[in-house]
Amino acid sequence: MYEIMTPGPTAVAENVRMARSRECTNPDLDPQFYEFYRDTCRMFSELVRTENETLILGGEGILGLEAACASLTEAGDRVLVLDNGVFGKGFQDFVSMYGGDAVLYTTDYRKPIDPAALQTYLEQDSDFKYATVVHCDTPSGMCNDVAAICPLLKSYGILTVVDSVSAMFGEQMDADDFQIDVLLGGSQKAISAPPGLTLVTLSQDARSAMKNRKTPIASFYANLLTFEDYYENQWFPYTMPVSDICGLRAALENIRREPDIVARHQKIAARVRRALTSCGLKLYQEDGFCGTVTVFEVPKPAQAADILDKMKTEHNILIAGSFDVMAGQVIRIGHMGENCREEKVRRTLAALDRVLADLGVLMKGRTAEIF
C-alpha cells in the first residue's frame, strides 16, 4: 500500500477502518439506526459550532455542492460566484445547470478574496439570491476568509453557501458566528474517513428559501428537502450507506477527542512552508495559505509527472499535481487529518529531497532537516 499524502482522500485511522466492519443493519427499518444517524449529524453540528441541522448524504463531497445549488436555484436567479480558484469558478456550472444566472466575481488566483474589495463591488451590485465561496480551493491551496466574507454577504441579504470540504478541522470553523447558511463538508479530507459521504448544514434562512420556491427542485437525489422530518417519519429518501456512516462516526469522535486539531494543522502547515521556501522552492500563493495543503511550483528542470512518478514508484508515497489552469505547474502535499502527523510529513519531505536531487534540482538545503 502507498502512503497517502495527497490533499484528499486521506489516510484512515485504524478505529475508523474497524468501525466500518461492524455488522450491517437495515437502515430503513431499524429505529436504532435513525437514532445513530441523528446523533452523528448532531455531533458534526457541534464540531462546526452551529445550531443548524446537519444532513449526511450518500455521495462524495461534490454531491453537496450540486445539492446546494439544485435546492436553492430557480430559473433566472442571480447567483454570485466568488472565483479565485478552480473549484470556486466551478460553482457556476451547478448554478447554470439548474437555470440560474451565475455572475462571476473573479480575483487573483494567487491571493485570497479581499473582503474590502468585495464590499466595494457589492455597493454597486448586491442583487443576488445567494453567493458561493470556497473555504480552501484545493487545486491551489487557497484559503479564503469566510469569517469576514460571509457576514459581509449576509449584511446585503445574500444567502451564503460555503464549500469547506478541504478546510474544516484544519482551519477554524464557527458556522453560526460566520453566518454560513449552507456549509458543505466531505468525509475524505481532514475528517479522515473514506470517501463517499457529504455533510451539509442548513440554516433556517436557507430552508425558507428552498421551501418558498415558485418551482419544484429539479432533482430528487440532490434535493435537500427530501430529508425533511426524516426522524419523525422514520423514513430516508434513499438507503443510507450504513458502514460509511459508522466510519464517519468514529472519525468525528476522534476529532472531538482532539480539541487542538486546528492548531496541529496550522503548526505543521507553517513548518512545511518554511522548509520548502528555505530550500529555494517557491509557493504557488502569495497569501491565503491553508492548514491542510501546501502547493509549490514545479522547480526547473524537473517535470511534475516525473516528481509524482518517482515519489510513488521509488518511495511508495502519493502526493499530487493539480489540474485545469495549474496542470503540470505545481505539486501539492496534503497534510490534513491523519496525514497531518509529524513523522508522515517528515518522511514525505525526505523522499521529496531525494527525488528533486535525482531530477537535477539545485536546492539550498534539505527540507526534511529544516522541517
Any donor-acceptor N or O pair under 3.5 Å, side chains [X], [Y]:
X	Y	value
Glu338	Thr10	no
Asp174	Gln172	yes
Asn84	Asp108	no
Thr367	Asp353	yes
Asp28	Thr239	yes
Asp83	Tyr109	yes
Thr50	Asp176	yes
Arg273	Thr294	no
Glu297	Gln329	no
Ser45	Thr54	yes
Tyr98	Glu66	yes

Are [Y] and [X] connected in a single hydrophobic cluster, I mean Ile/Leu/Val/Met/Phe/Trp/Tyr linked by side-chain heavy atoms less than 4.5 Å apart?
X	Y	answer
Leu104	Leu152	yes
Val295	Leu318	no
Ile149	Leu72	yes
Val293	Tyr2	no
Leu183	Val81	yes

May I ask you to check whether [X] and [Y] place their ring centers less than 6.0 Å from one another?
X	Y	answer
Tyr121	Tyr105	yes
Tyr231	Tyr37	no
Phe236	Tyr34	yes
Tyr130	Phe91	no

[X] atom [atom1], over 12 foreign heavy atoms within 6.0 Å:
X	atom1	answer
Glu232	CD	yes
Lys154	NZ	yes
Glu23	CD	no
Glu314	CD	yes
Leu362	CG	no
Arg366	CZ	no

When you measure from the side chain of [X] to the backbone N and O of [Y], does any donor-acceptor pair fall under 3.5 Å?
X	Y	result
Asp306	Ala302	no
Arg78	Asp101	no
His265	Gly337	yes
Arg264	Cys340	yes
Ser164	Met168	yes

(request) Rounded to the nearest 0.5 Å, what's the gap from OG1 on Thr6 to CD1 on Ile317? Could you check? (result) 12.0 Å
(message) To the closest 0.5 Å, what do you measure between CG (Asp229) and CD (Gln234)?
(response) 11.5 Å
